[in-house]
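Notes follow the structure.
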Number of protein chains: 2
Amino acid sequence: MENPVKTTEERILEAAKRVFHAKGYDGARMQEIADEAGVNKSLVHYYYRNKDNIFQAVFEDAFAQLIAALNEIFISERTFPSKIETFISYYVTFLSKNPYLPLFILNGLYEKPEQIKTMFEKIHLSPDHLMQQIHLQVKEELNLDIDPFHIFINILALSIFPVVARPLIQTIFGFSNEQIGQFYEERKTVVPEFILNALKGYEKR
Amino acid sequence: MENPVKTTEERILEAAKRVFHAKGYDGARMQEIADEAGVNKSLVHYYYRNKDNIFQAVFEDAFAQLIAALNEIFISERTFPSKIETFISYYVTFLSKNPYLPLFILNGLYEKPEQIKTMFEKIHLSPDHLMQQIHLQVKEELNLDIDPFHIFINILALSIFPVVARPLIQTIFGFSNEQIGQFYEERKTVVPEFILNALKGYEKR
DNA sequence: ACTACCTTTGACCACCTGGTTAAACCAAAT
DNA sequence: ATTTGGTTTAACCAGGTGGTCAAAGGTAGT
């Protein structure tokens, strides 16, 4: 840590993250962000002009965090099974530390889907390139008889959904925080195993 | 249809569903619900007293719709593979007709997780019984070496997530409405196949 | 001491929000 | 025709909302 002392602007942004992540755009209050940052409400407007602006900053940050790892791992030089394992393990850990993030993102996307593409350019990330990589590996490395796109979506679904649905799982089945932690821990091995087992069924002989 | 003429109360509830599903609790406006129903705002209060009340009515209805099918199918007399197929097919169809529902539910659960259990009782539904059924089938009918709970969550994840993430998928990969419809259609066969392929890997020999 | 510039604050405002109320409406019963 | 009861409306209100603004504070250069 070079500069542990946060600037006011950073403190406001972090406060905004906490508030927006937990309450969403409509539920968040500028006053609450200010309180959370320990500053006057006008100061929030001073640095970010209006609610839309600061929300966008928060959203882009969250989106970048979620997407960056995905891209990095799937573009790397590993074998496909290794990528899946690395990805799931990383995502489950990351998401259970930031449980609000995925739902926050999904909600944001319903409201302003247009901005996604420009956001991808900002992060220097190409969906086509990513899919092309996955396609290559599924078709040429493993020679599987299945649409790579469905595999990709399945990987995301199995990693993300259980985190998003945490309150559902926890209340319905009465899991304690420890138990749900244990459950997520298990998924790091269960999910890659599940996916690789499934892929075996698609092997062309 | 015995009585195609809707009462005012029903029209208000349906308007409220549309508004709440699309905008969530905080984003919804009592005025908008009234407009959508074509009535005066006071009428909404006349029938439902306050915003919390009408939201709860909408939420319970949505939750019941989503849970009912799940329970019905998994308690039925089919074989496990048939259940999976039936469930996925039904869910994908139902959800793509009601794309806002799952995200609406997930958001609601973050805000008021306590009410879930009472809601289960209202619908006469026992999570324990459901899990017990799945446990029996996975362990005794198929004799698989995997925790049934993870399978259950995987089934939900693979059915629900792609619908929730529709805006993400559609914008990132530039799918038209037709293409995404085609994609969901494919999933009705791809997902059961994927799951059953995976389960084969867990067969005890 | 003065200036110049960025930062921070309290007071304020126009507008919107959920909610209330009293009066009007209207169909059925008397 | 009048009463009665549920239904529907317009007008209104208190509190909260995002946002503005002028002034005060603070800091570095002169």
Check: S42(A) side chain, dG19(D) base, donor-acceptor under 3.5 Å: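 Side chain to base: no pair below 3.5 Å.
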
Check: N40(A) side chain, dG10(C) base, donor-acceptor under 3.5 Å: yes

Within 6.0 angstrom of K188(B) NZ, more than 12 heavy atoms from elsewhere: yes

Test of ring centre spacing under 6.0 Å for F149(B) and F173(A):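 So the answer is yes for these two rings.
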
Sugar-phosphate only, base, or nothing, as touched by A34(B) at under 4.0 Å among non-hydrogen atoms: nothing

Of E9(A) and K41(B), the one whose closest DNA chain C nucleotide lies more 5': E9(A)

Over all atoms of both residues, closest heavy-atom pair of A37(A) and I12(A):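 A37(A) and I12(A) have their closest heavy atoms at CB-CA, 3.9 Å.
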
Below 4.0 Å: OP1/OP2 of dG18(D) and any side-chain N or O of R29(A):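 Affirmative; the distance criterion is met.
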
In whole Å, I'd like the distance from the [atom1] atom of [X] to the [atom2] atom of [N].
X: Y46(B); N: dA24(C); atom1: OH; atom2: P; result: 18 Å
X: L43(B); N: dG19(C); atom1: CG; atom2: P; result: 15 Å
X: M30(A); N: dG16(D); atom1: CE; atom2: P; result: 18 Å
X: I54(B); N: dG19(C); atom1: CD1; atom2: C1'; result: 14 Å
X: R11(B); N: dT7(D); atom1: CZ; atom2: P; result: 13 Å
X: N53(B); N: dG18(C); atom1: CG; atom2: C1'; result: 13 Å
X: Y47(A); N: dT9(C); atom1: OH; atom2: C1'; result: 13 Å
X: H45(B); N: dA10(D); atom1: NE2; atom2: P; result: 16 Å

Carboxylate-amine/guanidinium proximity below 4.0 Å for D61(B) and K17(B):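 The answer is yes: the pair qualifies as a salt bridge.
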
